[in-house]
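Note that the coordinates shown come from a computational prediction; the quantities given were computed from them, not determined experimentally. Convention: sequence-line order gives letters A, B, ...; per-chain numbering from 1.
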Number of protein chains: 2
Amino acid sequence: MAESNPANTRDAEYLAKLQDYYANWKSIPSYAALCEVFGIASKSWVKAILDRLEKVGFVERTPDGMWIPTRQFFARPLSDVSVPAGMPVMVNDTHTDYFVIDDMLIDAPSKTTLIPVKGDSMLGAGIHDGDVAVIEKRNLANVGDIVVAIVDGEFTLKTLDKERGKFILRPENQAYPVIRPEGTLEIFGVLIGLVRKYKH
Amino acid sequence: MAESNPANTRDAEYLAKLQDYYANWKSIPSYAALCEVFGIASKSWVKAILDRLEKVGFVERTPDGMWIPTRQFFARPLSDVSVPAGMPVMVNDTHTDYFVIDDMLIDAPSKTTLIPVKGDSMLGAGIHDGDVAVIEKRNLANVGDIVVAIVDGEFTLKTLDKERGKFILRPENQAYPVIRPEGTLEIFGVLIGLVRKYKH
DNA sequence: TTGACATCAGAACGTTCGTTCTTTAGGATG
DNA sequence: CATCCTAAAGAACGAACGTTCTGATGTCAA
């Protein structure tokens with residue numbers, strides 16, 4: 001990943017204006033409208049600016065030729081410091097990445113739903129009471145996936161497993177029993193992400 | 001919060017396609033391009049669809065007449081089903097809420113940074129290797145907070161605790177030792193959120 | 001079986017857009 | 001003090017775009 005800054009401070013200002021505009025309107029407007037945004041009067045110069053911003057990776061174009069922001073455009077820095085939760089190690093630097101939480105977690109918005117987790121039967125998998133599960137709705141899953149299953153009309157979050165040729169739902173907490181569905185086991189969706197909010 | 005759904009299921013499908021498109025390209029394309037996205041051939045019908053989606057609050061227009069998504073466009077359904085990770089309980093339905101992940105996790109963007117977690121010393125707190133920690137940068141914290149501390153110039157994620165009047169950093173994994181800083185204990189930030197992505 | 005309505009298709013048209021080219025102004029360089 | 005470069009302005013043009021209208025289906029109820 002090329003780490004590039006706008007070639008000069010003027011372009012950085014234009015980028016900032018564009019980012020502010022995008023934050024408001026969630027789209028990149030036409031050259032004519034960008035003239036106002038940038039405070040200049042020349043469409044061709046707007047194009048020149050965007051061409052340069054493209055070169056350094058802040059915008060790109062769709063196959064239709066429409067300008068769109070890149071990941072780098074959304075400057076929420078993924079910190080260059082890796083936090084060792086194990087032993088403290090030296091900070092190794094040099095690599096900056098950018099990161100949009102929504103993008104990371106959600107590939108297909110229309111198939112994705114969020115479900116708050118109740119209870120602690122998945123504690124062993126690091127899923128706590130009150131966490132929000134990011135679920136991609138589909139009815140097929142692999143053994144080992146954590147799934148939201150519908151057992152006898154009830155929803156439950158468990159690890160999908162197989163035992164003697166039959167699917168079972170395994171909690172990740174020894175205080176809870178393994179669920180061995182008698183009828184059909186219907187999968188509501190698969191866990192693709194997890195979000196936790198700490199209160200202060 | 002106005003709960004408005006697309007008037008009919010067909011419009012809901014079009015909305016879903018538009019949301020998926022936007023997730024990819026971060027812009028709403030021209031009517032012509034939307035024809036392909038929606039799988040129809042009529043620009044005028046595309047406009048009719050967007051007019052209806054505007055009426056129920058999923059898109060709006062800039063002063064220039066450009067279509068842009070609204071907040072509701074990004075909100076994901078916080079599913080009406082509470083998933084019991086404990087024992088299965090009955091589904092209670094009827095109430096739908098919306099929810100924007102970024103908004104939930106991040107209060108002050110400029111003070112917030114994301115840091116990938118390395119290692120498993122916080123496993124007991126449900127923080128796994130590879131999780132992304134949402135850190136609010138500040139240098140004061142309370143006992144019991146999970147903090148990113150700088151110990152001898154090195155970053156580490158631990159629970160802040162006090163022992164005989166001195167601050168210590170406690171891992172949430174018995175395989176790791178408690179850190180008792182000799183010099184000063186500098187707090188880089190406090191853990192306010194956690195994001196995990198499951199790979200498939 | 002007829003009419004109303006929803007769901008699209010297609011054409012027509014004036015406007016806007018992106019692109020390219022030429023020109024201008026000012027500062028730096030030599 | 002000529003000339004080079006950067007930073008724009010401005011005009012010209014065809015293609016693309018949004019809008020509006022008219023038609024063509026299919027469906028359902030009266």
Side-chain angles (χ1 to χ4, degrees), chain A residues 2 4-70 72-73 110, chain B residues 4-70 72-73:
Chain A
S4 22
N5 287 321
N8 53 59
T9 50
R10 219 165 297 231
D11 279 355
E13 283 168 31
Y14 290 136
L15 174 61
K17 286 178 178 174
L18 184 56
Q19 286 169 328
D20 287 350
Y21 182 95
Y22 191 94
N24 271 337
W25 301 106
K26 268 122 188 52
S27 78
I28 296 179
S30 69
Y31 288 158
L34 279 174
C35 284
E36 278 205 29
V37 174
F38 289 166
I40 60 184
S42 162
K43 280 196 296 175
S44 57
W45 191 240
V46 168
K47 176 171 151 53
I49 292 167
L50 285 183
D51 282 340
R52 289 200 299 276
L53 289 181
E54 182 183 24
K55 225 168 229 165
V56 290
F58 285 92
V59 295
E60 59 184 343
R61 310 186 78 142
T62 64
D64 315 321
M66 193 174 225
W67 287 110
I68 56 171
T70 61
Q72 196 181 176
F73 184 90
S110 61
Chain B
S4 32
N5 286 323
N8 54 58
T9 51
R10 220 167 298 232
D11 279 354
E13 283 169 31
Y14 289 136
L15 174 61
K17 284 177 180 176
L18 184 57
Q19 286 169 326
D20 288 350
Y21 183 94
Y22 192 95
N24 270 336
W25 300 107
K26 277 127 198 37
S27 79
I28 295 178
S30 68
Y31 288 157
L34 279 174
C35 284
E36 279 204 29
V37 174
F38 289 166
I40 61 184
S42 163
K43 280 195 295 177
S44 57
W45 191 239
V46 167
K47 176 172 151 53
I49 292 167
L50 285 183
D51 283 340
R52 290 199 299 276
L53 289 181
E54 182 183 24
K55 225 168 229 164
V56 289
F58 285 93
V59 295
E60 58 185 344
R61 309 185 80 142
T62 64
D64 315 321
M66 195 175 223
W67 288 110
I68 56 170
T70 62
Q72 194 181 180
F73 184 91

Go along nucleotides 16-27 of chain D 5' to 3' and tag each nucleotide: B for a protein heavy atom under 4.0 Å from its base, S when only backbone or sugar atoms are that close, - otherwise. -SBBBB------
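Remark: P of C:dC8 and CD1 of B:Ile49 are 6 Å apart, rounded to the nearest angstrom. Following rounding to the nearest Å, A:Leu50 (CG) and D:dA7 (P) show an atom-to-atom distance of 15 Å. A:Leu34 places its CG atom 11 Å from the P atom of C:dC17, with the value rounded to the nearest Å.
Taking 4.0 Å as the cut-off between side-chain N and carboxylate O, A:Lys47 and A:Asp51 count as a salt-bridged pair.
As judged by a 4.0 angstrom heavy-atom cut-off over every strand, B:Phe38 is placed among residues making no nucleic acid contact.
For B:Thr70 (side chain) and B:Gly57 (main-chain N/O), a donor-acceptor pair under 3.5 Å exists by modelled atom type.
Distance check: A:Trp25 CH2 to A:Asp20 CG gives 13.5 Å after rounding to the nearest 0.5 Å.
At least one side-chain nitrogen or oxygen of B:Tyr14 sits closer than 4.0 Å to the OP1 or OP2 atom of C:dC8.
On a pure distance criterion of 3.5 Å, a polar donor-acceptor pair joins the side chain of B:Ser42 and the base of C:dA9.
The 12-atom threshold is not exceeded at CD of B:Glu36, counting heavy atoms of other residues, nucleotides or ligands nearer than 6.0 Å.
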Decide side-chain contact (heavy atoms from CB on, under 4.5 Å) for A:Leu34 and A:Tyr21; before the verdict, give the C-alpha distance in whole Å, the side-chain angles of both, and the deciding distance to 0.1 Å. CA-CA 9 Å; A:Leu34 279 174; A:Tyr21 182 95; 5.7 Å; no
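Considering A:Ile28, A:Leu53, A:Leu18 as possible partners of A:Pro69, the one that fulfils the side-chain contact (heavy atoms from CB on, under 4.5 Å) test is A:Ile28.
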